[in-house]
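Values below: all heavy atoms of this structure, side chains included; hydrogens, waters and symmetry mates excluded. Bear in mind that the values here come from a model prediction, so they are computed numbers and not experimental data.
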Amino acid sequence: MKPVQIGLLGCGTVGSGLVELVAKNRSIIADRSGLDLQIRRVLVRDPKKERPVAPELLTTDPAQILDAKDIDVVVELIGGLEPARGHILRAIGQRKHVVTANKMLLAASGSELFRRAAEQRVRIGFEASVCGGIPVLRAIGAGLVANRISAIVGIVNATCNFILTKMGEEHWHFARALVEAQRMGIAEADPTLDLDGQDAAQKLQLLAEMAFGVTLEKAKFLVEGIRQIEDEDILTASQLGFVIKHIAVARDLGPSLELRVHPALLGATHPLAHVRAEANSILVRGDAVTEMVISGRGAGALPTASAVLSDVIEIGRDGQAEHGPAWHLPTRGEKPIAADFESKYYLRLPIKDVPGVIGLITTALGKSDISISHLAATLIEGKPGLGNVKIVAHRTKESALRKAIDEISKLPVLSGRPVVLRIFEEN
Ligand SMILES: NC(=O)c1ccc[n+]([C@@H]2O[C@H](COP(=O)([O-])OP(=O)(O)OC[C@H]3O[C@@H](n4cnc5c(N)ncnc54)[C@H](OP(=O)(O)O)[C@@H]3O)[C@@H](O)[C@H]2O)c1
């Protein structure tokens with residue numbers, strides 16, 4: 001049996017899950033891989049906290065792991081940019097393989113880390129950085145390696161999907177669904193990165209880099225979260241035959257890429273429409289397989305630890321640092337992000353109930369050549385004189401829609417900020 005000596009940086013949610021999973025499945029892992037996984041040392045900030053680790057393994061000194069001769073693989077589960085980046089670079093400098101779940105760091109500094117790893121001929125495993133327990137990076141990088149990938153569409157943020165599912169299926173308000181997501185450990189105490197779409201954007205960047213072989217560290221693209229969605233929108237979407245999901249979209253358009261993260265109305269037959277609660281799902285379009293969908297638990301202690309260990313085991317199986325290239329995001333340079341895209345739209349415009357309001361709104365849309373397939377006006381119960389105009393607009397350019405919304409927002413008949421949701425259709 002070949003030992004694999006692991007140095008663990010961080011023993012919070014995922015780190016504790018990893019310790020638990022190694023203890024629970026050590027013999028099955030050994031049977032399948034011929035590897036004996038051994039956690040040699042664990043870096044934490046506060047050694048007094050209760051953890052599922054023998055106290056003698058804990059250290060607050062990173063050098064005990066990063067510079068130690070008896071560690072083969074450093075597993076970084078601290079999160080954030082620093083000190084995680086510095087620790088990883090130091091481990092690579094000592095010619096240690098690294099496994100990380102840190103999407104934020106890889107999205108910001110992946111090219112630097114992978115370059116250093118290639119120079120040192122060590123590997124960086126990062127399966128857990130995108131969608132926790134779902135082996136989507138391995139599916140794209142290995143299983144679909146013979147495909148030219150044209151598009152990825154995913155539900156990649158568990159918090160957003162949980163909240164939208166509860167609002168849609170059980171008519172919970174946003175705030176109640178968020179509190180429940182936090183109680184269940186799906187959402188962080190500070191859910192900003194999830195709710196505002198940044199977490200999904202980091203995952204989309206890594207997925208697109210893997211699928212299209214480009215570096216996107218400097219890429220700017222549309223990122224919207226779900227805070228603007230109200231019960232009214234969920235209900236109207238359902239009446240129109242749609243479900244609202246927070247999606248991440250990447251398309252290879254040839255000379256440019258389309259990348260965007262936002263809530264969208266999906267038709268009931270779309271493969272992602274039935275992805276519920278904290279589940280994640282990613283649809284990949286490849287020229288040989290046509291369509292592949294992979295789903296599962298995108299976060300949580302054990303699912304994420306499962307992905308981390310899959311990398312540790314692959315590194316252990318493949319032998320010494322001298323052999324084999326670094327695992328890296330394959331980069332053939334940069335590609336620009338397309339400035340515009342087309343979509344159908346759902347609009348909810350909060351209005352004052354005064355004569356002529358509909359005419360003002362339709363005129364503004366008409367000026368941008370936007371035609372309407374559905375329009376309904378409703379009054380808001382308990383708020384006399386206030387209402388909503390809900391519109392489904394035919395396919396148009398995002399830039400044209402934005403121009404029209406800017407104009408509509410300035411109308412004196414508006415009583416609040418317009419809600420703009422895209423209706424997602426496969427091209
Ligand atoms: N949670 C998930 O479901 C999930 C899913 C996918 C990916 N990830 C990624 O996995 C990584 C870890 O997430 P997590 O949820 O496990 O985080 P977490 O619960 O906050 O745990 C972080 C751990 O790192 C330690 N730590 C933080 N700063 C440190 C420092 N300066 N020096 C030494 N130790 C330090 C903490 O020590 P103390 O315990 O002493 O405070 C804690 O043990 C992140 O990159 C995250 O994005 C998480």
Given Leu235 and Asp231, is the side chain to side chain contact (heavy atoms under 4.5 Å, CB included) satisfied, shown in steps? CA-CA 6 Å; Leu235 182 67; Asp231 308 349; over 6 Å; no

Check whether any side-chain heavy atom of [X] lies under 4.5 Å from a side-chain heavy atom of [Y], and answer yes or no.
| X | Y | answer |
| --- | --- | --- |
| Leu421 | Gln228 | yes |
| Tyr345 | Ile423 | no |
| Leu386 | Pro350 | no |
| Phe114 | Leu106 | yes |
| Val98 | Val122 | no |
| Thr159 | Asp199 | no |
| Ser306 | Leu21 | yes |
| Val312 | Leu37 | yes |

To the closest 0.5 Å, what do you measure between CZ (Arg285) and CG (Asn147)? 12.5 Å

Quick one: does any side-chain atom of [X] pair with a main-chain N or O of [Y] as donor and acceptor, under 3.5 Å?
| X | Y | value |
| --- | --- | --- |
| Glu76 | Gly79 | yes |
| Gln64 | Arg41 | no |
| His97 | Arg123 | yes |
| Lys203 | Val156 | yes |
| His270 | Leu272 | yes |
| Asn157 | Cys160 | yes |
| Thr165 | Ala277 | yes |
| Lys96 | Ile65 | no |
| Asp46 | Lys48 | yes |
| Ser129 | Phe126 | yes |

Please enumerate all residues that pass side chain to side chain contact (heavy atoms under 4.5 Å, CB included) together with [X], with sequence neighbours excluded.
| X | value |
| --- | --- |
| Gln38 | Pro3, Gln5, Arg26, Asp36, Arg40 |
| Glu217 | Ser111, Gln205, Thr215 |
| Arg90 | Ala63, Leu66, Asp67 |

Non-neighbouring partners of [X] that pass salt bridge (charged side-chain N to carboxylate O under 4.0 Å, His left out), sequence neighbours left out:
| X | result |
| --- | --- |
| Lys397 | Glu342 |
| Glu381 | none |
| Glu169 | Arg276 |

Would Val308 and Leu77 count as a side chain to side chain contact (heavy atoms under 4.5 Å, CB included) here? Give the steps. CA-CA 9 Å; Val308 171; Leu77 296 173; 4.2 Å; yes

Where do Val249 and Ile152 land on the side chain to side chain contact (heavy atoms under 4.5 Å, CB included) test, with the steps shown first? CA-CA 6 Å; Val249 182; Ile152 294 174; over 6 Å; no

Ring centers of Phe221, Phe341 separated by less than 6.0 Å: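 So the answer is no for these two rings.
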
Which heavy atom of [X] sits nearest a heavy atom of [Y], and at what distance?
| X | Y | result |
| --- | --- | --- |
| Pro47 | Leu58 | O-CD1, 3.7 Å |
| Ala107 | Leu206 | N-CD2, 4.2 Å |
| Ala177 | Trp172 | CA-CE3, 3.7 Å |
| Leu216 | Ile337 | CD2-CD1, 4.1 Å |
| Arg116 | Gly93 | NH2-CA, 4.4 Å |
| Gly197 | His246 | CA-CE1, 4.0 Å |

Would you tabulate the side-chain donor-acceptor contacts of residues 293-301 under 3.5 Å, counting partners in other chains and residues two or more places apart, or write 'none'?
| residue | atom | partner | partner atom | Å |
| --- | --- | --- | --- | --- |
| Ser295 | OG | Ser281 | OG | 2.8 |

Check this for me: does any side-chain nitrogen of one of [X] and [Y] sit under 4.0 Å from a carboxylate oxygen of the other?
| X | Y | value |
| --- | --- | --- |
| Arg138 | Asp311 | yes |
| Lys335 | Asp252 | yes |
| Arg85 | Glu82 | yes |
| Lys344 | Glu425 | yes |
| Arg348 | Glu230 | yes |
| Glu20 | Arg51 | no |

Using distance alone, with no hydrogens and no angle criterion, decide if Lys352 and Ser415 have a side-chain donor and acceptor under 3.5 Å apart. no

Quick check on side chain to side chain donor-acceptor pair (under 3.5 Å): which of Lys166, Lys245, Glu278 does Asn161 satisfy it with?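 Among Lys166, Lys245, Glu278, the one meeting side chain to side chain donor-acceptor pair (under 3.5 Å) with Asn161 is Lys245.
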
Could you work out, with side-chain hydrogen bond (donor to acceptor under 3.5 Å, both in side chains) as the rule, every residue matching [X], not counting sequence neighbours?
| X | result |
| --- | --- |
| Glu180 | Arg183 |
| Asp190 | Thr192 |
| Asp72 | none |
| Asn280 | none |

Show the numbers, then the answer: is there a salt bridge (charged side-chain N to carboxylate O under 4.0 Å, His left out) between Glu224 and Arg260? CA-CA 8 Å; Glu224 287 178 6; Arg260 48 191 168 110; over 6 Å; no

Working note: Arg402 + Glu398, criterion salt bridge (charged side-chain N to carboxylate O under 4.0 Å, His left out); need CA distance, chi angles, decisive distance, verdict. CA-CA 6 Å; Arg402 284 276 148 219; Glu398 174 85 5; 3.4 Å; yes

So which of Val4, Val75, Val22 actually passes side-chain contact (heavy atoms from CB on, under 4.5 Å) with Ile39?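 By the side-chain contact (heavy atoms from CB on, under 4.5 Å) criterion, Ile39 pairs with just one of Val4, Val75, Val22: Val22.
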
Could you pull out all donor-acceptor pairs under 3.5 Å where a side-chain atom in residues 371-380 meets a protein atom, sequence neighbours excluded?
| residue | atom | partner | partner atom | Å |
| --- | --- | --- | --- | --- |
| Ser373 | OG | Val392 | O | 3.3 |

